**Student:** 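Before anything else, here's the structure in question.
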Amino acid sequence: MSRRFVDLKKPLPFHMPDDAVSRAAPRGASSVEVYGFVGWIASAVTFVLYCLWAFVPEGLLHQAGITYYPNKEWALIIPAYLIACVVFVYWGYESLNMMSVPPPSSLTTVYDAKSKWVTQLGMASAAAGTQHSIPPLVHLPPHLVSSVLYGQQHFQEAEAQVFARAWQQQQQQEWDPR
């Protein structure tokens, strides 16, 4: 096995185009970088001033000629208020999300324009004629699936109960004068 060494006296095998210098990024910091740096410095200075105000005794502040500053109790009130605001924002966001989501029993959680229901396909049941064939793809209500999985019911029993209940609700809505 032979080793290959790079001879630095020979020109490299690639050639840099002449306009590569003109296509290079402009020198200097962008405005975003400058604003970020100024913000970082300002927040550090503000934190140092806050810590000095909170922890330096009043006697030393008066000796330094600083006599106009807020009461020291605000050193605890402001952070506590900010923490409470952050907790409230998370709680409020979660509450708004829960208010905008329909309940699990609502059919809007699983039904859309592309949904195919058993009754729309003209079938008597989702399990009808499935002894030796693959049934067509249909949507099942979530409470039907839950009653079969967790309610120890057979599919046909649960389906009959669910569709009977849905038919009754539909009949009540048609006769309701509201």
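Note that these values count all heavy atoms, side chains included, but never hydrogens, waters or copies made by symmetry. Here the structure is a predicted model, which is why all the values come from computation and not from measurement.
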**Student:** Would you be so kind as to tabulate the donor-acceptor pairs closer than 3.5 Å made by side chains of residues 80-92, with sequence neighbours excluded?
**Tutor:**
none

**Student:** Between atom CD of Glu159 and atom OG of Ser147, what is the distance when rounded to the nearest 0.5 Å?
**Tutor:** 10.0 Å
**Student:** Check ring-ring contact (aromatic ring centres under 6.0 Å, His included) between Tyr50 and all other residues, then give those that pass, not counting sequence neighbours.
**Tutor:** Trp53
**Student:** For the atom pair OH (Tyr69) and CG (Leu52), what is the distance rounded to the nearest 0.5 Å?
**Tutor:** 13.0 Å
**Student:** Under 4.5 Å between side-chain heavy atoms, hopping through other hydrophobics if needed: is there a path connecting Leu60 to Phe55?
**Tutor:** no
**Student:** Considering all heavy atoms of both residues, which atom of Ala158 and which atom of Val148 are nearest to each other, and what is their separation?
**Tutor:** CB-CG2, 3.8 Å
**Student:** Using links of under 4.5 Å between side-chain heavy atoms of ILVMFWY residues, direct or through other members, which residues join Val32 in one cluster?
**Tutor:** none
**Student:** What's the spacing between Lys72 NZ and Glu58 CD if we round to 0.5 Å?
**Tutor:** 6.0 Å
**Student:** Side-chain heavy atoms nearer than 4.5 Å, only ILVMFWY residues, links allowed to pass through others: does that put Leu149 and Val138 together?
**Tutor:** yes
